[in-house]
Number of protein chains: 2
Amino acid sequence: MLRGDITVAIRNAVMSELAEVGYGRLSIEAVARRAGVGKTAIYRRWSNKLEMVMEIISDVAERKVPLPDTGSFSGDLALLLLIVSTALKHRMASQIIPDLMAEAARNPQIAETLQRALRTHQQAVGEKLIGQAVARGELPEGTDPDVAVDLILGPLYWRLAVARQPIEDDYLEKFTTAVTAALRATV
Amino acid sequence: MLRGDITVAIRNAVMSELAEVGYGRLSIEAVARRAGVGKTAIYRRWSNKLEMVMEIISDVAERKVPLPDTGSFSGDLALLLLIVSTALKHRMASQIIPDLMAEAARNPQIAETLQRALRTHQQAVGEKLIGQAVARGELPEGTDPDVAVDLILGPLYWRLAVARQPIEDDYLEKFTTAVTAALRATV
DNA sequence: AAACGGCGGAACGCAACCGTTACGTCGTAG
DNA sequence: CTACGACGTAACGGTTGCGTTCCGCCGTTT
């Protein structure tokens with residue numbers, strides 16, 4: 001039976017290495033060194049780098065995030081923005097996600113895994129958030145959850161993970177107002 | 001005197017390799033092979049991989065894009081969205097940019113170069129687009145160009161370069177409406 | 001005609017990793 | 001108490017790339 005503590009050490013080492021050097025430069029030997037573990041322990045669990053990373057990443061990605069339900073659309077939206085922006089401020093998210101996204105552009109298997117995780121979350125959030133708002137009459141019938149989610153997550157991701165500019169105090173507030181207005185306008 | 005045609009062949013090879021394998025896995029030897037050139041020709045021009053890539057990328061990034069001026073804000077916006085979305089559909093942009101962005105998260109020199117290019121373009125676009133609209137009275141005084149640009153580019157980048165979902169015919173139209181509404185609302 | 005210099009090609013020693021194997025240790029299940 | 005199996009270590013041959021060097025070729029300049 002494989003030892004659980006060793007597996008945990010390896011998983012942590014993989015996440016750290018991913019954040020530090022990225023998928024492309026991640027080597028099994030470095031993971032073993034960092035985990036304080038023999039290479040054999042790794043090859044006993046996974047047969048190569050891709051399989052290892054995919055299994056570990058899928059696992060993390062599938063952790064469900066709690067969906068907001070504060071009673072009003074603007075409340076839900078503000079909470080969602082807070083959750084996402086907090087998550088994107090952490091190194092694990094802001095380094096690993098763009099790295100894997102770039103990697104996904106040339107590795108179909110990574111792409112598939114990430115897209116599945118992303119789309120699942122995105123749809124869940126979109127449908128719940130928009131569905132609730134439409135049901136409450138806060139947004140017009142026929143609001144497209146797909147476009148709505150792009151409109152909400154896009155700018156946040158852009159600013160935090162791409163442009164890497166800080167979010168000032170009033171940014172989220174302005175942003176909430178703007179997005180609410182955008183969604184009321186026929187999207 | 002270094003031969004210009006050789007330099008061009010190398011530059012093209014670098015861009016192609018960047019798109020195909022990314023910065024992390026780009027090797028001088030592969031570039032030389034692809035360009036049909038000796039390694040010596042490369043080392044005669046740049047002293048290492050980072051310097052080579054940075055010089056070539058800066059060069060490309062500094063090409064000015066024409067700024068839209070159609071006479072109306074919605075026209076400008078639609079044109080801008082069209083330009084950006086077309087650019088992001090090309091492999092060079094949709095592969096290389098996310099890749100370098102991810103790389104920038106761990107290489108300060110790359111980060112600095114990209115941020116400079118990005119911020120310059122972003123500010124130019126924002127100030128011109130929003131400035132014109134405010135001057136025409138189409139947007140309220142005090143509209144924040146910074147937030148506006150996030151709101152415009154974010155969703156597009158998210159959808160095309162991150163989520164990698166196609167843009168349907170009516171998407172840009174809906175999106176234009178939404179963004180216009182968003183910006184009119186006090187941003 | 002001769003000198004110069006950029007060129008491709010080949011090889012160098014060095015380093016990092018790959019995936020695999022053999023070995024000896026140690027904790028635990030039976 | 002014994003047997004099993006997961007462990008770390010070390011070494012294997014093979015691959016890839018680094019940055020450098022030397023060579024002979026060839027077009028340009030002088």
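Heavy-atom basis, side chains included; hydrogens, waters and symmetry copies ignored. Just so it is clear: chains get the letters A, B, ... in the order the sequence lines come, proteins before strands, and each one is counted from 1.
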| NZ or CZ of Arg184(A) within 45° of Phe73(A) ring axis and under 6.0 Å |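 Judged by the rule (NZ or CZ under 6.0 Å from the ring centre, within 45° of its axis), Arg184(A) is not positioned above Phe73(A).
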
| query | Counting only N and O atoms by type, is there a donor-acceptor contact under 3.5 Å from the side chain of Thr70(B) to the main-chain atoms of Asp76(B)? | reply |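 It does hold such a pair.
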
| said: Tell me whether Thr143(B) contacts the main-chain N or O of Leu139(B) through its side chain, where contact means a donor paired with an acceptor under 3.5 Å. | reply: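 Such a contact is absent between Thr143(B) side chain and Leu139(B) backbone.
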
| query | Picking from dC7(D), dG19(D), dC7(C), which would you name as closest to the side chain of Asn48(B)? | reply |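 Among dC7(D), dG19(D), dC7(C), the one nearest the side chain of Asn48(B) is dG19(D).
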
| DNA chain C-proximal residues of residues 23-45 of chain A, any heavy atom under 4.0 Å |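 Listed by number, they are Ser27(A), Ile28(A), Glu29(A), Arg33(A), Lys39(A), Thr40(A), Tyr43(A).
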
Rounding to a whole Å, what distance do you find between [X]:[atom1] and [N]:[atom2]?
X: Asp5(A); N: dG8(D); atom1: CG; atom2: P; answer: 9 Å
X: Ile6(A); N: dC26(C); atom1: CD1; atom2: C1'; answer: 12 Å
X: Ile10(B); N: dC7(C); atom1: CD1; atom2: C1'; answer: 11 Å
X: Leu50(B); N: dG19(D); atom1: CG; atom2: P; answer: 11 Å

| query | So do Leu114(A) and Ile110(A) actually touch side chain to side chain, heavy atoms under 4.5 Å? | reply |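 A side-chain contact under 4.5 Å exists here.
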
| said: Can you see whether Tyr171(A) engages Asp150(B) through a side-chain donor-acceptor pair at a distance of less than 3.5 angstrom? | reply: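 Yes, because at least one side-chain N or O of Tyr171(A) sits under 3.5 Å from a partner of the opposite role on Asp150(B).
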
| message | Between Leu100(A) and Thr113(A), does the side-chain contact (heavy atoms from CB on, under 4.5 Å) criterion hold? Intermediate values first, please. | response | CA-CA 10 Å; Leu100(A) 288 179; Thr113(A) 302; over 6 Å; no

